[in-house]
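Here is the structure we will look at, set down as structure tokens.
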Amino acid sequence: MWKLAAVLFIVIGPTLAGAFALVPMTFYGINAFEPWLLAVFAGVGLLLAVPVALLVARRLIAMMGPRPRAL
């Protein structure tokens, strides 16, 4: 599960970081936000991507079900 979560984190991490980085620009405008707010919100998005990747990996493994035994 950890390997699948790591691969999913490669996609989910930058996606959530980018989405959260848009929050200060949305609230304060493109020219009026503080640069540290952009970094903080992107970091929060990146930290939230870890449990999201684990949750998605767990759900994918559960959906695949048990493998049939090879003879």
Side-chain angles (χ1 to χ4, degrees):
M1 180 178 85
W2 293 101
K3 291 179 183 179
L4 180 60
V7 171
L8 289 170
F9 180 77
I10 292 171
V11 175
I12 295 172
T15 302
L16 284 181
F20 274 71
L22 292 174
V23 171
M25 288 188 262
T26 303
F27 285 139
Y28 299 108
I30 293 176
N31 295 326
F33 70 92
E34 295 289 329
W36 63 271
L37 277 175
L38 184 74
V40 167
F41 275 92
V44 168
L46 197 61
L47 287 176
L48 285 177
V50 174
V52 170
L54 287 171
L55 178 71
V56 171
R58 189 178 307 142
R59 295 287 303 252
L60 282 173
I61 290 173
M63 288 174 66
M64 287 189 292
R67 295 182 183 171
R69 293 186 178 239
L71 297 174

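By convention here, the first residue in the shown sequence is residue 1.
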From Leu48, Val52, Val50, residue fulfilling side-chain contact (heavy atoms from CB on, under 4.5 Å) relative to Ile12: Val52
Within 6.0 Å of CE in Met1, more than 12 heavy atoms from elsewhere: yes
From Leu54 atom CG to Trp2 atom CH2, the distance as rounded to the nearest 0.5 Å: 5.0 Å
Scan the side chains in residues 22-44 for donor-acceptor partners under 3.5 Å anywhere in the protein, sequence neighbours excluded, and list what turns up.
| unit_1 | atom_1 | unit_2 | atom_2 | d |
| --- | --- | --- | --- | --- |
| Thr26 | OG1 | Leu22 | O | 2.7 |

For Leu4, side chain to side chain contact (heavy atoms under 4.5 Å, CB included) partners two or more places apart: Leu8, Ala57, Leu60, Ile61
Nearest non-hydrogen partners of Phe9 and Ala49, listed with the distance: CE1-CB, 3.7 Å
